[in-house]
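To start, the structure under review is shown below, and the notes come after it.
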Protein chains: 2
Amino acid sequence: MPRKKPSIDRVLHALGDPSRRAIMEKLSQGPISVSRLAEPLDITLAAVVQHLQVLEESGLVQTEKVGRVRTCRIEPGGLSVVDKWIADRRSMWEHRLDRLGDFLADPDEE
Amino acid sequence: MPRKKPSIDRVLHALGDPSRRAIMEKLSQGPISVSRLAEPLDITLAAVVQHLQVLEESGLVQTEKVGRVRTCRIEPGGLSVVDKWIADRRSMWEHRLDRLGDFLADPDEE
DNA sequence: ATAATTGTCAAGTGGATACTTAAGTAGTTT
DNA sequence: AAACTACTTAAGTATCCACTTGACAATTAT
């Protein structure tokens, strides 16, 4: 089955949840199985599996099942779409600040 | 009223919503009033105000009311907490990849 | 074969939340 | 003063979503 395109929408929604961020942080330490992932989190294994689905569909995590063990790891390129979105916003408003000193609208700052 | 500390949790949750991202994108073009912000979005003005509250509490947007008009603008440092979180994750797993070649899933390591 | 491990799936629940409507406030214009 | 503009606030609704339970499947160990 073809892997879904990781949109900024999917990715940011995925990262918006604390449990999923905890999973990302754990996975940053290295690949690990589902049940070992679940141990430190105080949610059930089933919940962890659901989070992993979201993370996988958003392109943040890759998993592979061998035998009865599913091993999860970070998908290194997954966060780049967020980087890009942020960079785009920043370039927009920074570029704007270059062109016109916006003291008119904002006398207080800068 | 002291401004709340913008945690990574607040910020990523705020950015997880498409309407709020649309607001961020519009604001990247420059400061604008609430009602003009609402025009292109097909949600009510009241909904926009609620989103703006979330964005402001997360430190992504700053607003200022003069007369009866509230002007909204990007808070330039607001996204840095996301940058930092991403950079931290990346440095973790990249550092790890430097140290040990991760040949295949080796469950009992270290 | 039996049991234990590791994960999967379906269905349901409770709480969060995005949104609407409607009424109200406070500046601004005429 | 009256009308209009630009929000603001409260309350209700409906959907979403994180999480649980419980039954099941598949692999590995005894």
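Just so we're on the same page: letters track the sequence lines, and every chain starts at 1.
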Quiz item: Rounded to the Å, how far apart are B:Leu41 CG and C:dC19 C1'?
Solution: 13 Å

Quiz item: What is the minimum heavy-atom distance between B:Ser33 and B:Val69, and which atoms define it?
Solution: CB-CG1, 3.7 Å

Quiz item: Would you say a side-chain N or O of B:Lys65 is under 4.0 Å from OP1 or OP2 of C:dG27?
Solution: no

Quiz item: Does B:Gln50 make a side-chain donor-acceptor contact with the base of C:dT20, cut-off 3.5 Å?
Solution: yes

Quiz item: When the distance from CG of B:Asp17 to P of D:dT15 is rounded to whole Å, what number comes out?
Solution: 17 Å

Quiz prompt | Donor-acceptor pair present, A:Gln53 side chain and C:dT8 base, under 3.5 Å | solution = no

Practice problem: Grab the CZ-P distance between B:Arg10 and C:dA16 for me, whole Å please. | Solution: 14 Å

Quiz item: Taking all non-hydrogen atoms of both residues, which atom of A:Val48 and which atom of A:Ala38 are closest, and how far apart?
Solution: CG2-CB, 3.7 Å

Quiz item: Does OP1 or OP2 of D:dC17 have a side-chain N or O of A:His51 closer than 4.0 Å?
Solution: no

Quiz item: Quick one: B:Arg36 CZ to D:dA6 P, roughly how many Å, whole number?
Solution: 10 Å

Quiz item: Counting side-chain heavy atoms from C-beta on, which of D:dT8, C:dG7, D:dA6 comes nearest to A:Arg70?
Solution: C:dG7

Quiz prompt | For atom CG of A:Leu15 and atom C1' of D:dC17, their distance in whole Å | solution = 16 Å

Self-check item: Exercise: identify the closest heavy-atom pair between B:Ala22 and B:Leu41
Solution: CB-CD2, 3.9 Å

Quiz item: Pairs in or reaching into residues 38-52 of chain B: which pass side chain to side chain donor-acceptor pair (under 3.5 Å), with residues at least two apart or in two chains?
Solution: B:Arg20-B:His51

Quiz item: What pair of heavy atoms forms the shortest contact from B:Ala14 to B:Val54, and how long is it?
Solution: CB-CG1, 3.9 Å

Practice problem: When you get a sec, tell me which of D:dC7, C:dC19, D:dT9 is the closest nucleotide to the side chain of B:Ala46? | Solution: D:dT9

Quiz item: Pick the nucleotide of DNA chain D nearest each of A:Gly67 and A:Ala47; which residue has the one closer to the 5' end?
Solution: A:Ala47

Quiz item: Taking the side chain of B:Ile43 as its heavy atoms from C-beta onward, which of C:dC19, D:dT20, D:dC7 lies nearest to it?
Solution: C:dC19

Quiz prompt | Separation of D:dC16 P from A:His13 NE2 (nearest whole Å) | solution = 11 Å

Self-check item: Sugar-phosphate, base or nothing in reach of A:Arg20, heavy atoms under 4.0 Å
Solution: sugar-phosphate

Quiz item: Between A:Ile32 (CD1) and C:dG7 (C1'), how many Å, whole number?
Solution: 15 Å

Quiz item: Reckon A:Ser19 has a side-chain N or O less than 4.0 Å from the OP1 or OP2 of D:dC19?
Solution: yes

Practice problem: Indicate, with a heavy-atom threshold strictly under 4.0 Å, whether B:Leu45 touches base, sugar-phosphate, or nothing. | Solution: base

Self-check item: Between the first and last five pairs of the helix from C:dA1-D:dT30 to C:dT30-D:dA1, the angle of the axes, rounded to 10 degrees
Solution: 20°

Quiz item: So, does the side chain of A:Arg68 form a donor-acceptor pair with the base of C:dT5 at under 3.5 Å?
Solution: yes

Practice problem: Identify whether NZ of Lys or CZ of Arg in A:Arg89 sits under 6.0 Å from the centre of the six-membered ring of A:Trp85 and within 45° of that ring's axis. | Solution: yes

Self-check item: Whole angstrom value for the distance that separates C1' of D:dC19 from CD1 of A:Ile23
Solution: 13 Å

Practice problem: Give a yes or no answer on whether the side chain of B:Arg73 reaches the backbone of B:Gln62 with a donor-acceptor pair at less than 3.5 Å. | Solution: no

Quiz item: What nucleotide, of C:dT20, C:dA18, D:dC19, holds the atom closest to the side chain of B:Thr44?
Solution: C:dT20

Exercise. Output the distance between atom CZ (A:Arg21) and atom CG (A:Leu60), rounded to the nearest 0.5 Å.
Key: 12.0 Å

Exercise. Respond yes when some side-chain nitrogen or oxygen of A:Ser35 is under 4.0 Å from OP1 or OP2 of C:dT5, and no when none is.
Key: no

